[in-house]
Amino acid sequence: MARIQPLSGFPEWLPEQELLQQRVIRHLSTWFERHGFQALTTRAVEPLSVLASKGADTDKEIYVLRRLHATDEDGDSGLALHFDLTVPFARYVSERRGDLFFPWKRYQIQKVWRGERPQQGRYREFLQCDIDVIGEQTLSLRYDGEVVRMLRDALATLPIPPVVLLVNNRKLLEGLYRGLGIEDIISVLRAVDKRNKIGDKGVAPLLSELGLADDAVSTILKAAAIEDSDPDVVEAAVRALGVSHPLIDEGLAELREVLEMSGADNVRAALHIARGLDYYTGTVVEGMMVGHEHIGSIASGGRYENLAGSMGGGPQLPGVGVSIGLTRILGYLYGAKLLINQRRSPCQVMVLLPSEDDRAACENIAQTLRSRGIATEVYHRKAGWGKQMKHASRLGIRYAWFPGNDEKSHEIKDLIAGEQADVDLATWMPSSDDTLPLILDGEELSWQGLR
RNA sequence: GUGGGUGUAGCUCAGCUGGUUAGAGCACUGGAUUGUGAUUCCAGGGGUCGCGGGUUCAAGUCCCGUUAUCCACCCCA
């Protein structure tokens, strides 16, 4: 019990893993800003009433704050850690409405907390990277497409396996189910959403338990099987079901627009996707890593008509957004050793230290390189050059710098190539392909990321 | 919260039906290599066997409890 060990569900990475995560975060921030999204950070806690306010379900596992010295009469503080970034964002918007310009595009990269039992890919503390667009009164459907397209493009630039995005529309599903005379839409959605995991054979009995007739069950399953990136194919398949309802037409039209804007093979309509089950009202999207579907979705999002507005009255504030589950992605890839960062140190150059008397000269070399943006450190003590280079090599630092002086020129050794050459301190630059040396799925990869 | 599996070195694990001083590989430190890394060879350090109780002449090994962790359900990034 006195043993120090990791806390389940609260991941902490090794330095090389953290280094890569930081680069990914920086990359995504730059990417989002390049598309006009503005950064937002919200506090870690929200009043419980805010977290519980959206929709009816309060079965989310929420961590509540309580002072150590609180008495039983005091109870808890009424504050809790946020379990996603969308709800705090909506609260922020309804609070600062007057100071913001709409439509507002914001991104937010922060930790969130959920009290669920940890499992593979399921954490209690994890990072989400969100982008959302929120409008006043109305928000063009165009943003649904833009957000989905950005999600696809952002994921494609990360050093992770290829991702496929599955898109659906809640109006379409609701129309189908209402057209079949079903009242309990949520329960049907919940059952259908499990299709990927338990298959049609697993879903069918769940639907029958809800009291649905066999032909309704079979129509629902037929609809859930529809999956294609071509909107015409999807529409034809839906029409062939022979169900009619105004929401079906509306949903199909919206789905078509999203597909046409973000259209690509790796973005597909998939009618079994339900997502969230709480605040989404139209477009829903879910991303999976191809070949690694068993870990579940690594990104998801959708359209919500009035999340913020419901918090403070006033006009409607419809939004659409997506979230990338960075911890789930990296935790899985690191754990399975599918992604390895071979550099532990952020440094590119290690200046070797010939003797204590040379320390000042070595620091000067380092400062010169740093002033040109080259991350550099000086070896910490006098030691044999073999030992110094071994240390550099183990940290993944590519270049070892042999300090020169008036008689002797500086030399640099490329520890990957094994080559050593005279260099000029005033002009030397590292190779442009000296990026993060990664191994992804057994393949060597040099990933730069945006700056 | 419910059900099942597992806790031995920093990591991955071995340890037969209880029996001397608990082992291996990797990693780490030093040396061969007196100022040129990764290979090789040699040597070395490191363990309350998760914790508590019980059975026994004797417990890492058997029993009970507890705790942590993993998996499934639930739910989701």
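In what follows, chains are A, B, ... by sequence order, proteins preceding strands, each numbered from 1. None of these values were measured; they are calculated from a predicted model.
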key: Ion pair A:R398/A:D414, N-O distance below 4.0 Å   = yes
Among B:C73, B:C70, B:C75, the one nearest any side-chain atom of A:Q119 is B:C73
From CD of A:Q120 across to C1' of B:A77 the rounded distance in Å is 14 Å
Discussion item. Quiz question: going by heavy-atom distance under 3.5 Å, is there a donor-acceptor pair between the base of B:U36 and the side chain of A:Q420?
Written reply: yes
**Prompt:** Are there more than 12 heavy atoms of other residues, nucleotides or ligands under 6.0 Å from atom CG of A:D265?
**Reply:** no
In whole angstroms, the gap separating C1' of B:U36 from CZ of A:F402 amounts to 5 Å
For A:G296, answer base if it contacts any base atom (sugar-phosphate contacts may also be present), sugar-phosphate if it contacts only those atoms, and nothing otherwise; contact means non-hydrogen atoms under 4.0 Å.
nothing
Between B:G10 and B:U29, how far is it from one P atom to the other, in whole Å? 16 Å
Atom OH of A:Y280 and atom P of B:C75 are separated, to the nearest Å, by 17 Å
- For A:E305, does its backbone N or O pair with a side-chain atom of A:T281 as donor and acceptor, under 3.5 Å? yes
Please determine whether a side-chain nitrogen of the Lys or Arg among A:K413 and A:E411 lies less than 4.0 Å from a carboxylate oxygen of the Asp or Glu.
no
Counting only Watson-Crick and G-U wobble pairs with both atom distances below 3.5 Å, the stems of 3 or more consecutive pairs that include RNA chain B are B:1-7 with B:67-73, B:10-13 with B:23-26, B:28-32 with B:40-44, B:50-54 with B:62-66
Look at the side chain of A:R122 and the base of B:A77, then say whether one donor and one acceptor between them are separated by less than 3.5 Å. no
Base, sugar-phosphate, or nothing for A:L415, non-hydrogen atoms under 4.0 angstrom? base
To the nearest angstrom, the CD1-C1' distance between A:I273 and B:C76 comes to 13 Å
Here the distance between atom P of B:G37 and atom CD of A:Q342, to the nearest Å, is 20 Å
Carboxylate-amine/guanidinium proximity below 4.0 Å for A:R195 and A:E227: no
Heavy-atom nearest nucleotide on RNA chain B taken for A:G9 and for A:D414; more 5' hit belongs to A:D414
*If you measure from the ring centre of A:Y123 to the centre of the six-membered ring in the base of B:A77, is it under 5.5 Å, with the planes under 30° apart?*
no
Closest to the side chain of A:F126, out of B:C70, B:A77, B:C75, is B:A77
From the candidates B:C74, B:G37, B:C76, the one with an atom nearest any side-chain atom of A:R328 is B:C76
What donor-acceptor contacts under 3.5 angstrom involve side-chain atoms of residues 355-362 of chain A, with partners at least two apart or in another chain?
residue, atom, partner, partner atom, Å
A:S355, OG, A:D357, N, 3.3
A:S355, OG, A:D358, OD2, 2.8
A:E356, OE1, A:R359, NE, 3.1
A:E356, OE2, A:R359, NH2, 3.2
A:D358, OD2, A:S355, N, 3.3
A:R359, NH2, A:H380, O, 2.9

Would you find a donor on one side and an acceptor on the other, under 3.5 Å apart, between the side chain of A:D153 and the backbone of A:A156?
no
**Asked** For A:Y280, is the NZ or CZ atom of A:R303 found under 6.0 angstrom from the centre of its six-membered ring and inside 45 degrees of the ring axis?
**Response** no
Closest to the 5' end of RNA chain B, once A:I397 and A:I329 are matched to their nearest nucleotides, is A:I397
Notebook entry, point to check: What integer number of Å spans the P atoms of B:C71 and B:U39?
Noted result: 33 Å
Side-chain ion pair, A:R343 and A:E16, N-O less than 4.0 Å: no
Expected string for nucleotides 26-34 of chain B under the B/S/- scheme (protein heavy atoms, under 4.0 Å, primed atoms plus P, OP1, OP2 as sugar-phosphate) is --SSS----
Between OH of A:Y379 and P of B:G37 the distance, given in whole Å, is 14 Å
### Query
Has the side chain of A:R117 got a donor or acceptor that lies under 3.5 Å from a partner of the other kind on the base of B:U2?
yes
Checking A:W31, A:F32, A:F37 against A:H35 for ring pair (Phe, Tyr, Trp, His ring centres under 6.0 Å), the one that qualifies is A:W31
Side-chain contact check for A:K413: nearest option of B:C70, B:C75, B:U36 is B:U36
